[in-house]
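All figures in this text were calculated on a predicted structure; none of them were measured in a lab. Residue numbers begin at 1 in each chain, while the letters A, B, ... track the order of the sequences.
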Amino acid sequence: MIRRALRARLGSRWIGPLAAGAVALLAAALLAAAGLALAGYEPVAAGRALVSGAFGSWERFASITLVRATPLILTGLAVALAFRAGVWNIGAEGQLYAGAVAAVWVGLAFPGAPAWLLLPGAMAAAAVAGGLWTLVPVGLKFRAGVGEVITTILMNFVAIHTVAWLVHGPLQEARGVFPQTDPVALAARLPRLGSGRLHAGFPVAVVLAGALWWLLRHSAWGFRVRAVGASARAAAVSGRIHTGRVVLGAFLLSGMLAGLAGGVEVAGVTFALYENLSPGYGYTAIAVALLAGLNPVAVLLAAGFFGVLQAGAAAMQRDVGVPAVWVSAIEALVILAVVAADRFLRRGVAGKGGG
Amino acid sequence: MDAAALQAFLEASVRLGAPLALAALGETISERAGVINIGLEGSIIGGALGGALGALLTGSPGAGVLAGAAAGTAIAGVFALFAIGLNADQIIVGTAATLGGLGITGVVYQSVFGATGTALTLPTLPALPLPGLSALPAVGPALFSQAWTTYLAYLLAPALWYYLFRTRWGLELRAVGEEPGAADAAGIRVRRTRVLAVLGAGFLAGIAGAHLALAHAGTFAEGMSAGRGFIAIAVVVLGRWNPLLVLLASLFFGAASALQFELQAVFANVPYQLLLAFPYLLTLAALAGWIGRSRAPAALARPWPPRSGE
Amino acid sequence: FVGGLSVGCGGGESGPEGDALRVALLTSGPVSDAGWYAGAYEGLLLIEESLGAQVSHQQTRSPAEFDEAFFSYGSSGYDLVFAHGFEYQDAALRAGEEFPGMTIVVSSGGRISENVRSLIFRLEEGSYLAGMMAGGLTRSKVVGMVGGVAIPPAQGTFRAFEAGARVIDPDVEVLEAFIGSWDDVAAAREAAAAQLNRGADVLVHNTDAASFGVFQAVREAHGDEQPVWAIGMNRDQNDVAPDVIAGSAAIDIPRAFLRVASRFIAGDLPSGAFDLSLDEGVVDFIVNPAALHRIPAELLARIDEARTAIREGALEVPRIRFLEGESGTP
Amino acid sequence: MARPAVEMRSVSRRFGPIEALADASLSAYPGEVHALLGENGAGKTTLMRVLCGMLRPDGGEVLVEDRRLPPGGTRAAAAAGIGMVHQHFTLLPSLTVAENVALGTREGSGLRLALDRVHARLAELERVTGLPVDAGAPVAGLSVGAKQRVEILKALYRDPRVLVLDEPTTVLGPQEVDWLFGVLRSLVAGGRTVLLIGHKLDEILRVADRVTVLRRGRTVLEAARQAVDAPGLARAMIGRETTPAGRSAQAVGGAAGERVARLEVVGVRGEDGRMAVREVNLEVRRGEIVGIGGVEGNGQRELALVLSGRLRPSSGTADCPTTVSLIPQDRSAGGLVPGFDLAENTALAFHDDDAHRRGPLIDWAAMRRTAQEIVTGFDVRVPGWRATARSLSGGNRQKLLVGRELARAPDLLVAENPMRGLDIAAAAFLRDKLVELKRGNPSVAEVGGAGGRPAHAPPGIVLFSTDLDEVLDLADRVFVLVRGRLIPVPEEERNPAGMGRLMLGSAGA
Ligand SMILES: Nc1ncnc2c1ncn2[C@@H]1O[C@H](COP(=O)(O)OP(=O)(O)OP(=O)(O)O)[C@@H](O)[C@H]1O
Ligand SMILES: Nc1ncnc2c1ncn2[C@@H]1O[C@H](COP(=O)(O)OP(=O)(O)OP(=O)(O)O)[C@@H](O)[C@H]1O
Ligand SMILES: [Mg+2]
Ligand SMILES: [Mg+2]
């Protein structure tokens, strides 16, 4: 009793969990270091490469880490929005591809158009295409009662193979040789910010994250989305919410955000459409969104975390020669450590037990 | 299609469907207990490498299957530790398990066989024709002249069905997946049930991986699971969390994939990329025509005990 | 925080010898594939060993990482970057402009510039000979080809293979399938099984790790009365399945890389594109010694004849030209 | 007296800042029905959840037959012979009744689930207790009352030494309550112990041998039945003198106004696909209370949903006003979102109301004000302003929900058992509110802020209740709902016996 009161006064409710969280991260670092050392790599150098690869200089941070984070922010927002509405959209990957196709198509089809028209046009097309790609899951959900988890997974595979066909067929570069499209018109590319590779897609993603956060929190629409996600039954019984409409809207908008991610990726980074355009952004996005607790602003941090991890891991390959397979294993370890730390913290703060 | 072609097509369907079935049956149990393990892919690839190494070391593919099962279980164990032990989010931990499984198997493979890998030829699981049954026309050789791991899938489906719907343990497991609170109130050990279900799923996913390496490919290659873990999760939904239907759904997906290869041979001028999309489109069409709604276990992906304040 | 860490960055000062040649390799698949990427990595190690170069490798996972990798190597002062696949070509052109001091060699690249070169392996020549072998071995008069992704270099080897088979037997039917992946073993196995089932009795592949699936299918279909053959590609795969492989159309990638690096040091790396072919010994068709006794001597003789003809330029093997500006390209 | 079967000694338990139990003690003896009483939020449920191992107490100890129970384990509690019927359901909707009953028992201890044994024993229980159950039916399709019967059977099935029932009677009809009390008496006659929670004092006092009263987490009274009476208990619970419950104003009578809702030959299909409501004709006018009595599961849910415009009828026509308040039957999935805080739960009803928004944005300040008005107006005991609905006690959830729905200033109010789970004071308060509301008293309509409607236009009220006394006390016009048919109760039958006859008569028809 007394100890309890004392501890509460000293605020040590934070200290225990913080320590546990730190221990989790430290354990992961030690484990990774031990593994690397065993395999004959320099663990300290690897750690340094990891950090400097992500943060080494402002230019590096902007050109690599933030560029990597951008599609994860947009797809992370897509997933967060859908999950908030109780829509299990696992299909951000496919929707991203749909968006990329549309953006590239616009960027190629109107070479003479001015930038103020072409770029927004391409981005809008990307968003619309991403939204349209959800229509099959939406239709099956509403008409046949098929859950979206399976349909969106299947549509991802369909998207990937369709893109493969497009770059071998209708959208193939004019020479008809390689499986890729021609680069899009300059007017369809996102402007660069500063001297590095950072493009305007990043601030757009940040603004969208803020906007989505604000809308979810303050707008009637956002409230309806949250209510339907938290309890569709209670929302319906309140008599003020059309759950079907809310679900439909959130699904489409989620698809649009993911589509925009694809558009931004081609307009800001690759400039052409390729097979394997996405290294699984749409799947990583699920982890991003959940790590962020489905909070759009926290999605920025979670996406940044993955951006840092991947940028740093690539540097570990280049500078220390740690093979890519190690990199995946270490990424997994870091994710687990962060999750564990997060659990310790929350558990501690919420108070033990709790029914 | 003539008889020989039909038979070959059926054989391919079963070959492609069997590993899916093994993994999906395990996932069915796990999901029925309320745990979605998208780290299944990690257990499959772990099983493939475990199977390969086990078979190489002992020279016996049977021992390889056991080693594969152990590897799959180990990866599922890490998942269980975080997702159930620490109550962390199942999807995030599953993502890490997939990433980690692919990474660790690569690390082990490269430590054993060198950075540039090796052309591995493994002792394979022989086909065991079942006397009598394998002589049936067309379906006989396809269904009943396979490696024993395939028969394991056949046997598991009804066994798991019986377990789920006819035994006390199965009832308790379903209760844990539907209403962990109610299950707890009834004195059922929710976490223990979930951990066991996840480990069982990892065990079967490991066998699925070992089957890929030892009964299907005769080799190990990095990333050879090629997304089958995710397909298996979709197959569980297609099979409505019912082991018998899950087996059928796996074979259905196997058949759709096998048909795709036949179609490439027949329609040489249809772009092959579109044919590759065919199994997925066919599955979507099947779902559209699949009458009636199916419902996931109510507590799927919900941690227990519920996190307060979230 | 960011500033404090920048010391470790870039690897710019981490090079022990400031003037050592710095060579990097980019692959878009794992170098443990015992195939296309492994060959490149071996080449990189050979360069390190023979030329004392400082080397680095990165496996990229998506087009977005291409620019980033070039950017990283360019900004840390690498001299020579092998980008092992056509997919790098656009990013290479961009990086070439940004880092004029860096030379980029794109394997099978289709575009070139001042400091972006294309290294073209004329695997078609080996594949043509492999096709002859297939045409001579087939009894069913059906041969099959299992590809990963239909990219021009892969399609080129298939066209040459077809031509080679028809030289021996004009009536040979040729089947073709792609699995959409370079390393899905199971898919390759089923694609091969489907072709065997349609009567093919000699199969060639152009995949990577997935080739084991083709060999496995062939091995299972193989019978002593009804022999079924496989043909290896990209590397000498003869000892992977000695019982069923007739031979391999192979590229000696390490040797090619070493040659490029040596000429780069010597300063006489040809501008634009350069082919490495049968003539340089970089590409060849290697008959499997273990199968030699089962192959008709007269077939072997015809293959040798053709090899000489190709070397001497008397025989031109069909190929797909993918270099921009090259005659005969679209 | 013999040694107690259950002894709880100064148990304490906090939820964050809330001290749910401060110093709660309780002794219950073999052979007695022991009533546990207290206001909403007093800690009754928490104390019982500690007893059956679902909650770990912060302090104090629990003894069962003189043996200390290890804290926080449902299995140990069950092994010690404690069974509980929870305030909310703990049934699995997708399972059948028999499977639910078998869950967690050692029935068919081997591999096979001996469902036939369960069926047999259920049939036996059915015979002994006189309670019909369909052992093979899936629970999802059962009415709330039937679910409660299953919960009770499930507890009885385990043959507990100590049976805890947390407000079991709220969803039972009068005959079922009599039946339940009969069963409880026969249990204690066999030497068992029953712990019973409830808010209707006269009902509880009918069956209890001893009572314990909790106030704000502390035991304030423990006495034998003979030593207490209802007013004394109420005083102990509240801690001060109270007005006796109910009858503060004559409810029935007054001028009915314009028509606000009309149903014409309405039929509604239930979730199981069968017709739950048949050929119902009904008109509701402003300023009247239409009372609909009947046993749970006769179509109340569906009829309420249709009346309130939440569900389209399968046949016939329904004319409903735009603003309809609904207090649904199914509290556990009905009106509140468990994870939302007070303002958010208020916003479910008001987020698109003009007074609570600025353009497309929600005016959260206004929303919090409304939430505050509801909380003060209905005396909802909340742990804090950010408290989620989940953290409220059962009765306080109900108060929040009722308060919100009344605050909408509706044209029509549809309420299913609105008094359920409310303590005496709250129930009396709500009764008065309903009467005021129908009289068009502005003080009630004000709660919702500017509804945009003249505050004096009273709504029409449709009150569904399983409590016939409640209906008779409040309703201007009375109906019974039997198997989906709405039967008007003529003036001469306006008494419990008459209504009971009507319900039976039509059931036979
Ligand atoms: N899980 C929880 N988290 C936070 N607070 C809780 C929780 N459960 C109960 N409480 C709080 O503890 C107090 C006692 O609740 P309890 O449910 O025991 O009351 P009760 O006597 O059963 O009331 P009722 O008659 O309304 O059912 C209430 O103030 C409630 O808000
Ligand atoms: N009025 C209501 N509206 C919505 N959900 C409710 C309501 N009442 C109960 N619930 C649900 O019941 C579940 C069980 O509540 P909890 O676990 O807090 O038990 P409890 O505190 O014993 O309940 P109670 O307070 O009713 O005694 C909650 O999670 C919530 O979903
Ligand atoms: Mg209670
Ligand atoms: Mg309570």
Side-chain angles (χ1 to χ4, degrees), chain A residues 35 38-39 90 136-137 139-140 143-147 149-151 153-169 275 283-284 286-287 289-291 293 323-336 338-340 342-344 346-347 349-351 353-355, chain B residues 36 38 42 78 82 86-89 91-111 115 222 227 230-231 233-238 271-281 283-284 287-296 305-310:
Chain A
L38 259 176
I90 314 293
V136 170
L140 284 173
R143 294 258 160 257
V146 184
V149 172
I150 178 171
T151 51
I153 291 181
L154 292 169
M155 288 300 284
N156 287 344
F157 287 97
V158 174
I160 286 166
H161 290 303
T162 304
V163 166
W165 166 63
L166 287 172
V167 296
H168 280 94
E275 286 181 83
Y283 294 109
T284 310
I286 299 171
L290 290 170
L291 201 59
V325 285
W326 276 93
V327 167
S328 310
I330 291 172
E331 274 181 31
L333 204 60
V334 174
I335 294 174
L336 288 180
V338 167
V339 165
D342 173 76
R343 291 310 311 152
F344 284 129
R346 286 192 204 216
R347 203 193 262 183
V349 173
Chain B
I36 181 160
I38 65 164
V78 175
F82 284 83
L86 280 182
N87 234 342
D89 188 279
I91 306 275
I92 305 181
V93 179
T95 307
T98 293
L99 205 58
L102 291 168
I104 295 281
T105 50
V107 166
V108 172
Y109 175 73
Q110 292 186 14
S111 332
E222 270 179 47
F230 297 101
I231 301 289
I233 291 170
V235 161
V236 173
V237 186
L238 186 61
Y272 74 89
Q273 296 88 356
L274 293 183
L275 294 175
L276 286 173
F278 173 77
Y280 308 101
L281 290 169
T283 309
L284 280 168
L287 281 169
W290 205 188
I291 312 298
R293 287 160 193 253
S294 68
R295 200 181 53 80
R307 303 178 197 154
S308 43
E310 281 173 47

Item to check | Gap between atom CG of Asp89(B) and atom CG of Leu290(A) - 0.5 Å precision | outcome: 4.5 Å

Checklist entry - Minimum heavy-atom separation for Ala96(B) to Ala332(A), with atom names? => result O-CB, 3.3 Å

Item to check | Minimum heavy-atom distance Glu222(B)-Val325(A), with the two atoms named | outcome: OE1-CG1, 3.2 Å

Checklist entry - Tell me, side chain or backbone of Val236(B) under 4.5 Å from chain A's heavy atoms, or both, or neither? => result neither

Checklist entry - So, for Leu336(A) and Phe82(B), which heavy atoms are closest and what is the spacing to 0.1 Å? => result O-CE2, 3.5 Å

Item to check | Shortest non-hydrogen contact from Ser328(A) toward Gly103(B) | outcome: CB-CA, 3.8 Å

Checklist entry - Going by heavy atoms in the side chains, are Leu86(B) and Phe344(A) under 4.5 Å from each other? => result yes

List the atom pairs, donor and acceptor, that lie under 3.5 Å between side-chain atoms in residues 154-168 of chain A and the rest of the protein, sequence neighbours left out.
from, atom 1, to, atom 2, distance (Å)
Asn156(A), OD1, Gly94(A), N, 2.8
Asn156(A), ND2, Ile90(A), O, 3.1
Asn156(A), ND2, Tyr283(A), OH, 3.1
Thr162(A), OG1, Val158(A), O, 2.6
His168(A), ND1, Ala164(A), O, 2.8
His168(A), ND1, Gln273(B), NE2, 2.8
His168(A), NE2, Ala150(C), O, 3.0

Next on the checklist: Is Ser111(B) in contact with chain A via its backbone, its side chain, both, or neither, using a 4.5 Å heavy-atom distance?
Outcome noted: neither

Item to check | Proximal component of Leu140(A), with respect to chain B [non-hydrogen, under 4.5 Å] | outcome: side chain

Next on the checklist: Taking side chain as everything from C-beta outward and backbone as N, CA, C, O, which of these in Tyr109(B) sits under 4.5 Å from a heavy atom of chain A? Side chain, backbone, both or neither.
Outcome noted: neither

Next on the checklist: Could you check whether any side-chain heavy atom of Thr151(A) comes within less than 4.5 Å of a side-chain heavy atom of Leu284(B), counting everything from C-beta outward?
Outcome noted: yes

Item to check | Contacts of Val338(A) that satisfy side chain to side chain contact (heavy atoms under 4.5 Å, CB included) - sequence neighbours left out | outcome: Leu25(A), Leu291(A), Phe305(A), Val334(A)

Checklist outcome for this item: Here the pair of heavy atoms bringing Leu287(B) nearest to Val146(A) is O-CG2, 3.5 Å

Item to check | Distance-minimising heavy-atom pair for Ile150(A) and Leu238(B) | outcome: CD1-N, 3.7 Å

